[in-house]
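Heads up, the thing below is written out as structure tokens.
Everything numeric in this text was worked out from a predicted model, so none of it was measured. If you read the sequence from its start, that first residue is 1, and numbering goes on from there. In each ligand, atom 1 is the first atom listed, and ligand 1 is the first ligand listed.
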Amino acid sequence: MTIKWFPGHMHSARKQIIEVMPKIDVAVEVVDARLPASSGNPLLAELRQQKPFIKVLNKADLADPQVTKAWVKYFEKSDHGLRAVAINAGNKGDVSRIPKLCRSLAPQRGKPGRPLRVMVMGIPNVGKSTLINTLAGKRIAQVGDRPAITRHAQQIDLRNGILLFDTPGILWPNLEDQQGAYRLAASGAIGDNAMDYQNVAVFAADYLRQSYLELLATRYKLKDMPEEPTELLDEIGRRRGCLGSGGVVDSYRAAEVLLRDLQSGKIGRVSFESPPAIA
Ligand SMILES: Nc1nc2c(ncn2[C@@H]2O[C@H](COP(=O)(O)OP(=O)(O)OP(=O)(O)O)[C@@H](O)[C@H]2O)c(=O)[nH]1
């Protein structure tokens, strides 16, 4: 397996987090609801100190609702200073829960002259920008004729008593765990070029066969379900007409079909990992 991704940003992100942490009231980490552990950043747990912390399980519209519920429960039970919310960052109603939660976690702030300072962080592609835009867009809807967001360096004034910091903003996941890296790639959280595309598709086919057999069978009208993941991928390719010369399955195209379908939610709502049992 070759991962060509984010070499050596650890040191500068760590420095930035250490610098920014004392200046903020609430830390928000956006993770992917389909893989809340693998899409998290281990630095935050270590560097957050006693700051109120919100885990935003985003893209919940793509994740298995039962599993997401279990994750929310797990996070809140395993850490008392932490609150977890599952949202779709494009949905205003969902997103409006976050400012409310921030206010409840830092009630002493958010008053005139004492803005509530919130830092939004997360690995690439989890939906940080979408979340920030929806937070800001709410303000556009209310005010209409003035720009909703003001950027001063890395601060965004939402003009509702909340100041967003998006530094260091982008973090990276732990790619040392091979299974986690495969989940990240299969969900689309790390780019297509980061890992061998066909290996990722084989991993996804195998995972779906084991965990979401019915969704897989329905999507590709599979009558027989080959146990061997490469054969399963070939069968999906055949069903989708991904054939090369001589009627041989073009496995690259088959991989593309499966991963695109999976990442866009066309196969159904799929979670890639479940929380550990709570003691
Ligand atoms: N289905 C779904 N898609 C989402 C959601 N939030 C974001 N997306 C999509 O996910 C992709 C990445 O979203 P961004 O907001 O750019 O993510 P980001 O974390 O800012 O990404 P970087 O700029 O790479 O750090 C986009 O295609 C979004 O439309 C969500 O809740 N549900």
Quick check: [X] and ligand 1, any N/O pair under 3.5 Å apart?
{"X": "I87", "result": "no"}
{"X": "V126", "result": "yes"}
{"X": "A89", "result": "yes"}

For [atom], which candidate among [options] provides the closest heavy atom?
{"atom": "atom 24 (O) of ligand 1", "options": "D61, N125, D94", "result": "N125"}
{"atom": "atom 10 (O) of ligand 1", "options": "K128, Q263, K59, M121", "result": "K59"}
{"atom": "atom 30 (C) of ligand 1", "options": "L57, V56, V120, N88", "result": "N88"}

Next item on the list: Identify the heavy atoms of S39 and V31 that sit nearest to each other, and give their distance.
Entry: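 It is OG-CB, 3.4 Å.
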
Note to self: Can you confirm whether the side chains of S38 and E273 place a donor and an acceptor under 3.5 Å from each other?
What the structure shows: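 Their side chains do contain a donor-acceptor pair, which is all the 3.5 Å distance test asks for.
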
Notebook entry, point to check: Using a heavy-atom cut-off of under 4.0 Å, does the side chain or the backbone of L131 touch ligand 1, or both, or neither?
Noted result: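 Within the 4.0 Å criterion, L131 makes no contact with ligand 1.
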
Note to self: Under 4.0 Å between a side-chain nitrogen and a carboxylate oxygen: does that hold for R109 and D25?
What the structure shows: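 Yes, charged N to carboxylate O under 4.0 Å.
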
Next item on the list: Identify whether the distance between the nearest side-chain nitrogen and carboxylate oxygen of R183 and D32 falls below 4.0 Å.
Entry: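 The answer is no: the pair does not qualify as a salt bridge.
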
Next item on the list: Return the orientation label for the F203 and Y207 ring planes: parallel under 30°, perpendicular over 60°, tilted otherwise.
Entry: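 Answer is parallel, since the angle falls under 30°.
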
Next item on the list: Could you walk me through whether V30 and M121 pass the side-chain contact (heavy atoms from CB on, under 4.5 Å) test, one step at a time?
Entry: CA-CA 6 Å; V30 185; M121 291 163 288; over 6 Å; no

